[in-house]
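Taking it in order: structure first as structure tokens, then the write-up.
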Amino acid sequence: MSKYTPTATQAWQALTRLAEEETGSLAEHFDDDAHRRDKYSLEFHELYLDFSKNLVSDAALSGLLDLAKEAPLADRIAAMFAGSKINLTENRAVLHTALRRTHAGPLLLDGTDIMPDIHQQLLSMKSLAESIRSGEFRSITGQAFTDVVNIGIGGSDLGPKMVCTALREFTQPGLRCHFLSNVDGAEVATLLEQLAAETTIFIICSKTFTTHETLLNAETAMDWLAASLNINKPQQTNHCIAITAAPETARNYGIADDNILIFWDWVGGRYSLWSAVGLSICISIGAKHFQEFLDGAALMDEHFRSTGFDHNMPVLMAMLGIWYHNFLGAQSTAVIPYCERLEYLPAFLQQLDMESNGKSATLGGTRSTITTGPVLWGQTGTNGQHAFFQLLHQGTRTVPVDFIAAIEESSGSAHQHQVLLMNMIAQSAALMLGDYSPDIHKHYPGNKPSNVLLLQRLDARTLGMLIALYEHKIFVQGVIWDINSYDQWGVELGKRLATDLMADTAVADRDPSTAELIRRTRDEPKP
Ligand code: F6P
């Protein structure tokens, strides 16, 4: 039973008062304090965070840090890294950080050191990835694989897809990675049409190995392989790899033992890209870059674990979010990368944040009385400027924005890269400063908050740091809100109902709306 109640802390009460009293605009904060930019920015290796354009005074920021100290945050950070079972509703440890742990020494879970297993699986994954890349791991026709199809959904899709896209400049020429997630048959058919079965390998990626979308897509893919290659059990060949925390189920599916890579129940699906779930990433960018990806995340882990809250990037970003959502009434938060290679980052973060913190039950088993996880949304700039920025500038809601960009261009025109970056900086300034016009339609109120996160360049290491930064930010917010960020019971009911409906021929005992929708989609006659 948790003894901590956020609203009962002194800091929460002080912040409530401050939120009512604070009137200063962002521009005034800068006028009043020549050092604001310095004080409200952090540099960590190749990351630079400018959080000076937040609607926060020194007093509010120090109140937020007081709240972080009054909450059991320090203890929970230590407990997570140590492998305590902080995922209370599933009685599980939360140890995705162990997958990228760089320092030697045992990590005990239920009395057993888990590090040897982690190293073994990482080694197996890297060696499989390298042998696929080199062509040593061959198809049944003796050819090297040219196309890798990851079949998975949610955490078994979004992370690998986002990272492979973000790091596409490091992809081995001649090797293509594809991602099949939706159960939409038209998508599957369109992809399969483009592929040659002789040189295509499928990765069936599912923590549980029971997710029906994934299994159905896998079945279609296996049927296609069987028909195209004229073989019986394609899942038993090199054309099929399984990645799962339920190896027995994959074995029953017929996948060869050597082609099953495992991970563990203490790795949450949305935190699993660091495990064997990252195989498609490792195939795409190679073992060396994959290790850099892990190392980048490990750097952020160490920063998060050992840095005082006032200089701790994930903690500061989290507490600023708490300020907006719990004290200033913001309902959503936008992530806008000015980098087309990060096009899937908002969707990845959407699952990471909303599946982690979209909860209303407290750790103590009561209904939360405060606002928890925000709606997270976004897309790349400059595209977003021509879509939803109107609302950011002149709408009635406050939407805190995270702008993200890489300083160095990777390829393409240096001039275009400058145009991209200047657009982002202009937007963040325009949101803050606004512009007066006597014509209300042309008036920009300004005072709209944003963070700017600059990566020196977008590579495996900086991307690792960036993802770990958001993972920890989300964890901190979960602790402040006194919720369990690591379960996802909310998604179960819909799955159960869909399974029922698929099995069910009698619609009569459904509610009238559901019954009619079923009747229409099954094209059944009216009763
Ligand atoms: O439906 C939600 C969810 O359970 C996610 O948490 C998970 O990432 C996804 O489904 C896929 O699950 P699995 O990897 O077990 O197929």
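Atoms considered below: every heavy atom in the structure, side chains included; atoms not considered: hydrogens, waters and symmetry mates. Counting starts at 1 for both ligands and their atoms, in listed order. All values derive from a computational prediction rather than experimental measurement.
At least one heavy atom of Q351 sits closer than 4.0 Å to an atom of ligand 1.
Close approach to G155 involves these atoms of ligand 1, each under 4.0 Å from a residue heavy atom: 7 (C), 8 (O). Counting the atoms of ligand 1 from 1 in the order shown, those under 4.0 Å from a heavy atom of T208 are 13 (P), 15 (O), 16 (O).
Only one option out of H96, Q350, Q488, E471 pairs with R270 in a side-chain hydrogen bond (donor to acceptor under 3.5 Å, both in side chains); it is Q488.
The shortest contact between atom 4 (O) of ligand 1 and any protein heavy atom is with K495 NZ, 3.4 Å. For atom 5 (C) of ligand 1, the closest heavy atom belonging to the protein is E355 OE1, 3.4 Å.
Taking both residues in full, the closest heavy atoms of I153 and S181 are given as CD1-O, 3.6 Å, listed atom of the first, atom of the second, then distance. The shortest non-hydrogen separation linking I281 to F290 is CG2-CD1, 3.9 Å.
Of all the heavy atoms of V491, the ones lying under 4.0 Å from any atom of ligand 1 belong exclusively to the side chain.
Of the N or O atoms in R270, none lie within a sub-3.5 Å distance of an N or O in ligand 1. The shortest N or O to N or O distance between Q488 and ligand 1 is not under 3.5 Å. Of the polar atoms of T214, none of the N or O atoms is found under 3.5 Å from an N or O of ligand 1, judged by distance alone.
Aromatic ring centroids of Y271 and Y486 lie under 6.0 Å apart.
The existence of a salt bridge linking E169 and R341 is confirmed by a sub-4.0 Å separation between a basic side-chain nitrogen and an acidic carboxylate oxygen. A salt bridge between R461 and D295 is absent, with no side-chain N of the basic residue lying under 4.0 Å from a carboxylate O of the acidic one.
Ring planes of F304 and H472: parallel class, angle under 30° (limits at 30 and 60°). Note on ring orientation: taking the six-membered ring where Trp is involved, the planes of F293 and W274 are parallel (angle under 30°, cut-offs 30° and 60°).
For atom 11 (C) of ligand 1, the candidate residues are T244, I153, D487; the nearest heavy-atom contact is made by I153. Distances from atom 13 (P) of ligand 1 to the heavy atoms of T210, T211, I151 show the closest one on T211.
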